[in-house]
Amino acid sequence: MVQSFRAWALEQNDRRIVYASGPEATMFAESRAFGVTRHRLPAWKVVLPIGGHAELLRPGQPVITAAGLIVPPQLAHTCVATSPYIALFVDSWLLPSDQEPTRLDATEVRRLIAALGAADEGGPGTAADLAAGYLELRALTQAPPPLDPRVAHAIRLSGHPEPDLSVTSVAAEVGLSAPRLRALVRQTVGVPLIRLRQWARLRAAIAELPGTTAAMAAATAGFADQAHLTRTARGLIGRTPASLRPAVIDRPVRDRLRSSSHP
């Protein structure tokens with residue numbers, strides 16, 4: 001869905017955040033431990049702690065702990081990295097379907113981090129090799145089935161920030177009715193078209209954050225306002241746009257995650 005490479009890095013004191021996004025994946029990397037609140041991401045998430053481990057909690061289930069994790073799309077969960085980490089987000093149709101999180105061992109985590117060009121504790125830079133990281137991930141998960149060309153075209157159109165681009169007009173572009181297009185997208189990629197559009201807009205907004213205000217980033221990406229952007233970010237990635245700025249100190253969620261697993 002992302003057609004060109006975008007990247008930025010922000011630093012303050014001992015905290016560094018790196019963002020990069022391209023056709024194969026979107027990446028966040030952070031130079032400290034961090035946890036996100038409950039969310040449902042319409043893409044695969046690959047959590048790669050650098051020296052620590054990952055913890056994932058689903059409602060009513062015990063914590064999953066591993067050297068790294070692959071989290072399937074649309075899974076409601078809370079997640080923590082106990083060390084500096086890399087998080088890769090991969091569109092749902094770029095990996096084979098699965099309903100359960102996959103544990104990665106330390107060797108697999110090291111291979112993925114090395115493929116991204118971040119083999120030491122310093123983490124990746126803005127020149128991270130997302131294509132190589134995705135290919136290494138494919139080696140672990142196998143290849144996905146081919147995507148229906150009508151679905152692929154509809155997804156590309158829906159990723160446009162233009163707010164007046166309706167599902168009906170997108171459907172007409174590919175020769176389908178709006179209900180049939182919605183059903184076909186959900187059947188093919190496992191995610192509703194509206195959530196794919198939200199995810200595309202969120203990535204577009206985050207790509208703009210270092211050079212502008214959150215309100216301007218929201219407008220550029222097609223959100224109604226800054227509050228709409230913030231709500232979408234909380235729901236899809238479990239953190240706010242403000243938390244991506246080094247000057248903001250976020251309330252840790254790790255203790256809340258652990259306590260919630262012991263009612």
Contact between [X] and [Y] at the side-chain level, heavy atoms closer than 4.5 Å - yes or no?
{"X": "Leu157", "Y": "His153", "answer": "yes"}
{"X": "Ile237", "Y": "Val36", "answer": "no"}
{"X": "Gln74", "Y": "Pro192", "answer": "yes"}
{"X": "Arg201", "Y": "Arg197", "answer": "yes"}
{"X": "Trp93", "Y": "Val185", "answer": "no"}
{"X": "His77", "Y": "Pro101", "answer": "no"}

Quick check: closest heavy atoms across [X] and [Y], and the distance to 0.1 Å?
{"X": "Val189", "Y": "Ser92", "answer": "O-OG, 3.2 Å"}
{"X": "Pro42", "Y": "Arg195", "answer": "CG-O, 3.7 Å"}
{"X": "Ser166", "Y": "Ser169", "answer": "O-OG, 2.7 Å"}
{"X": "Pro72", "Y": "Asp98", "answer": "CB-O, 3.3 Å"}
{"X": "Gly133", "Y": "Leu116", "answer": "CA-CD2, 3.9 Å"}
{"X": "Leu94", "Y": "Glu24", "answer": "CD1-O, 3.8 Å"}

Quick check: does any side chain N or O of [X] sit under 3.5 Å from a backbone N or O of [Y], one acting as donor and the other as acceptor?
{"X": "Glu208", "Y": "Ala205", "answer": "no"}
{"X": "Tyr19", "Y": "Arg6", "answer": "no"}
{"X": "Ser83", "Y": "Pro49", "answer": "no"}
{"X": "Arg150", "Y": "Leu184", "answer": "no"}
{"X": "Thr65", "Y": "Glu55", "answer": "no"}
{"X": "Trp44", "Y": "Pro96", "answer": "no"}
{"X": "Thr230", "Y": "Thr240", "answer": "no"}

Run the side chain to side chain contact (heavy atoms under 4.5 Å, CB included) test against Ala127 and tell me which residues pass, sequence neighbours left out. none
Can you name the side chain to side chain contact (heavy atoms under 4.5 Å, CB included) partners of Thr232, sequence neighbours left out? Gln198, Phe223, His228, Leu236
Just wondering, are more than 12 heavy atoms of other shown residues or ligands nearer than 6.0 Å to CD1 in Ile194?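 No, because the 6.0 Å sphere around CD1 of Ile194 holds 12 heavy atoms or fewer from other groups.
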Calculate, to the nearest 0.5 Å, the distance between atoms [atom1] and [atom2] belonging to [X] and [Y] respectively.
{"X": "His39", "Y": "Arg234", "atom1": "NE2", "atom2": "CZ", "result": "14.0 Å"}
{"X": "Arg239", "Y": "Phe34", "atom1": "CZ", "atom2": "CZ", "result": "4.0 Å"}
{"X": "Ile155", "Y": "Trp199", "atom1": "CD1", "atom2": "CH2", "result": "14.0 Å"}
{"X": "Leu88", "Y": "Leu48", "atom1": "CG", "atom2": "CG", "result": "5.5 Å"}
{"X": "Leu41", "Y": "Cys79", "atom1": "CG", "atom2": "SG", "result": "11.0 Å"}
{"X": "Leu104", "Y": "Leu69", "atom1": "CG", "atom2": "CG", "result": "6.5 Å"}

Is the distance between the ring centroids of Phe28 and Tyr85 under 6.0 Å? no
Do you reckon [X] sits in the same ILVMFWY cluster as [Y], going by side-chain contacts under 4.5 Å, direct or chained?
{"X": "Ile70", "Y": "Ile86", "result": "yes"}
{"X": "Leu244", "Y": "Val47", "result": "no"}
{"X": "Leu130", "Y": "Leu140", "result": "yes"}

Please step through salt bridge (charged side-chain N to carboxylate O under 4.0 Å, His left out) for the pair Glu173 and Arg156, ending with a clear verdict. CA-CA 11 Å; Glu173 283 266 356; Arg156 283 194 295 272; over 6 Å; no
Does anything in residues 129-144 form a salt bridge (Lys or Arg N to Asp or Glu O under 4.0 Å)? List the pairs, not counting sequence neighbours.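 Listed once each, the pairs are Arg111-Glu136.
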